[in-house]
Amino acid sequence: LTPADPEESTLTNLTVSVRDTEDQPIPGLVRENFRVSQDGEEVPITAFSAFAASSVASGDPDIEAPADPTGSAADSSQQPEPVYIILFIDNPNLLLSERNRLLRPLQSFARSITPEHVQMMVVYFDGFADIVQPFTNDERKVIHALRGLRMEEEGQDKRMEDRGKIQRAMNRAFQNRGKASSSLQYELRDLYQSIEVFMDEERRVLYRSLDAVYEVMSTMSAINGRKHLVYVSNGLPSIIGRDLLYELSRMDGSNKRQTMSMPYKLTRRYEALADAANSFDIAIHTIDASGADHGPQALGTGVDRRSAAAHRLTRENRQAALRMLAKTTGGLAIVDTDEFAAACDRLRDEMLTYYLLGLTFTDSAVDKVHLIDVHLDVEQEHQLRYRHTLVEKSLPSRVQDQVTSALVRDVPGNDMGIAVSHGPWEQMTPEQWMLPVAVSVPVESVALVAQGDEYVGRVVVFFAARDIEGRRSDVVRTEHELRVPISEYENRRRGAFDIQHRMLLGTGEHSVAAGVLDETTHRASYDMITTASPEHS
């Protein structure tokens, strides 16, 4: 085995959506219309393609032949990249009625995505991420999965009832604010404690939802093609309970109550999620199922009434994160509309009508974030949607991503012929088990270099596990030095190195994946097994 030359450059694709002031696609642009800057310096566009939803469906993209960086002619037979779409239904953050009215437009959306190169997955989150329909290009299966969600239980309804009780108690206290000062202070204290309990529960639910979105995206990290996640909810609060604290502060004429919201500010969590999506090359599209703002009639009457300012604050607070996630990752935010059928048509066109710019950058052999700016040289007014960062990944990071993807998709490849096996389960607690896992690596598949009287090779091994409910372990990385005495090599060359690892897992069925990277040749191989704890089996 000879060492592989490290890659000196990487060609990456940047998807750019170009729309006019009416949010309609602008067709007919050519490579010369675009200017791309990476980390503040203009870079050449080494490949260029244009696709439209109608032409993609018919298999007739408008393509300019990709240019070879060396200037030689390139193959002009480029076809649309594979497209993967995840519909993520966040039930704990959806009202039952609003979830169900959106399911029919989503079914029509699935029916309108017909090209063979497009696959869709349906994920229903209700405490854990349930893949109710794995990736398929059969629209009937996607529609059937979405129809089945109508029978699921309510999501956000109970928490909104609790919120309504707090609002009514607050309004009663506001109407009786002329009572003795000491009595009002006790009432304000009790109200704040009720709000704090509500905010803590909201934070717990939101953290689990955001973690689930991240986990689903991470399984897509090593898949090549255009990747989209459509996140459906009633919005994501930038600051949990901001409107309640605002109204409470009006009662005692102080802003100090609003400062109590700082521990419930989630902006950084959303920014981290957007950064992760960019590193996984995934565009996040967001849909606010609460629909259009119908004005004061939605504010209630009597003790149910909310101030108009609190109502506006609520909508702005719950939509800001949806807009940010879409804008930062090159996606589309669907907010303030009841016309969900038309909105889903826009979403389809957004996914299938785009310009594909090929960029070449020099590998730095480390994980690195590149800032991207795109400018359009046309007189027509326009708006651009694209990812503002490109993440260069080192070889070990790419192998780690492949291990994660192997937990839910086909194993990427196994040229080295590694094999994963496991030993007997050992129960540690009623809910936890220790599973010994072994990776067998054929001796002949590892590059061994003579050092003294030994041959020495170095490999990096990655382990990850995922249970049947979608919970995934962290990826564990271990480094190993493999040694064979030169005098024994001929006798041992047909054998294998066994690399051991112990994994702490919960009760139930698990997929366990491993990847082996040869540091000398840069070859990588993967294998995966499925096993279940004794009580479950």
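Both backbone and side-chain heavy atoms feed into the values below; hydrogens, waters and symmetry mates do not.
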Name each donor-acceptor pair under 3.5 Å that joins a side chain in residues 123-134 to protein atoms two or more places apart or in another chain, with its distance.
unit_1, atom_1, unit_2, atom_2, d
Tyr124, OH, Asn91, OD1, 3.2
Tyr124, OH, Asn91, ND2, 2.9
Tyr124, OH, Arg99, NH1, 3.4

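- Between His388 and Tyr386, the ring-plane angle classifies as tilted under the 30° and 60° cut-offs.
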From CA spacing to verdict: side chain to side chain donor-acceptor pair (under 3.5 Å), Asp336, Gln319: CA-CA 9 Å; Asp336 288 329; Gln319 290 181 356; 3.0 Å; yes
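- Side chain of Ser279 to main chain of Ala276: a donor-acceptor pair is present (N/O by atom type, distance under 3.5 Å, no hydrogens or angles).
- A donor-acceptor distance shorter than 3.5 angstrom exists from the side chain of Arg318 to the backbone of Asn234, with no hydrogens or angles considered.
- With Tyr354 as the aromatic partner, Arg226 meets the cation-pi criteria of under 6.0 angstrom to the ring centre and within 45 degrees of the ring axis.
- Without hydrogens or angle criteria, Lys141 side chain to Thr136 main chain gives no donor-acceptor distance under 3.5 Å.
- Enclosure of atom CD in Glu431 is not indicated, since only 12 or fewer non-hydrogen atoms of other residues, nucleotides or ligands lie within 6.0 angstrom.
- In this model, no donor atom of one side chain and acceptor atom of the other lie less than 3.5 Å apart for Asp349 and Gln24.
- Within a 6.0 Å sphere centred on CD of Glu381, heavy atoms belonging to other residues, nucleotides or ligands number 12 at most.
- For the pair Arg385 and Glu350, the salt-bridge criterion is met [side-chain N within less than 4.0 Å of a carboxylate O].
- For Glu201, the salt bridge (charged side-chain N to carboxylate O under 4.0 Å, His left out) partners at least two apart in sequence or on another chain are Arg204.
- Ser394 and Ser397 share a side-chain donor-acceptor pair at under 3.5 Å.
- A salt bridge (charged side-chain N to carboxylate O under 4.0 Å, His left out) with Lys393 is found for exactly one of Asp367, Asp281, Asp401, namely Asp401.
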Trace of the side chain to side chain donor-acceptor pair (under 3.5 Å) decision for His382 with Asp20: CA-CA 4 Å; His382 59 272; Asp20 61 20; over 6 Å; no
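- We find that Lys368 and Glu392 are not joined by a salt bridge, their nearest charged nitrogen and carboxylate oxygen being 4.0 Å or further apart.
- In the model, Ser17 has a side-chain atom that pairs as donor or acceptor with a side-chain atom of Arg19 under 3.5 Å.
- Between Ala274 and Thr329, the shortest heavy-atom distance links the atoms O-CG2, 3.8 Å.
- The CG atom of Asp474 sits 10.0 Å away from atom OG1 of Thr404, with the distance rounded to the nearest 0.5 Å.
- In summary, Asp293 and Arg315 engage in a salt bridge, as defined by a charged side-chain N under 4.0 Å from a carboxylate O.
- A cation-pi arrangement is absent between Arg101 and Phe340 under the rule of less than 6.0 angstrom and at most 45 degrees off the ring axis.
- For the residue pair Gln107 / Arg111, no side-chain donor-acceptor distance below 3.5 Å is found, with atom types taken as modelled.
- Checking Asp467 against His510 by side-chain atom types alone, no donor-acceptor pair falls below 3.5 Å.
- By the side-chain hydrogen bond (donor to acceptor under 3.5 Å, both in side chains) test, Arg346 pairs with Asp23, sequence neighbours left out.
- Just one residue in the list Ile89, Ile86, Leu347 forms a side chain to side chain contact (heavy atoms under 4.5 Å, CB included) with Val230, and that residue is Leu347.
- Evaluation of the side-chain hydrogen bond (donor to acceptor under 3.5 Å, both in side chains) rule for Arg159 yields Asn93, Glu202 as partners, not counting sequence neighbours.
- Distance alone, capped at 3.5 Å, places no donor-acceptor pair between the Tyr264 side chain and the Asp200 backbone.
- The salt bridge (charged side-chain N to carboxylate O under 4.0 Å, His left out) search around Arg104 returns none, not counting sequence neighbours.
- Residue-environment remark: CD (Gln427) exceeds the threshold of 12 foreign heavy atoms within 6.0 Å.
- Partners of Tyr214 according to the ring pair (Phe, Tyr, Trp, His ring centres under 6.0 Å) rule, which considers only residues two or more places apart in sequence or in another chain, are Phe280.
- In this structure, a donor-acceptor pair under 3.5 Å is present between the side chains of Thr314 and Asp243.
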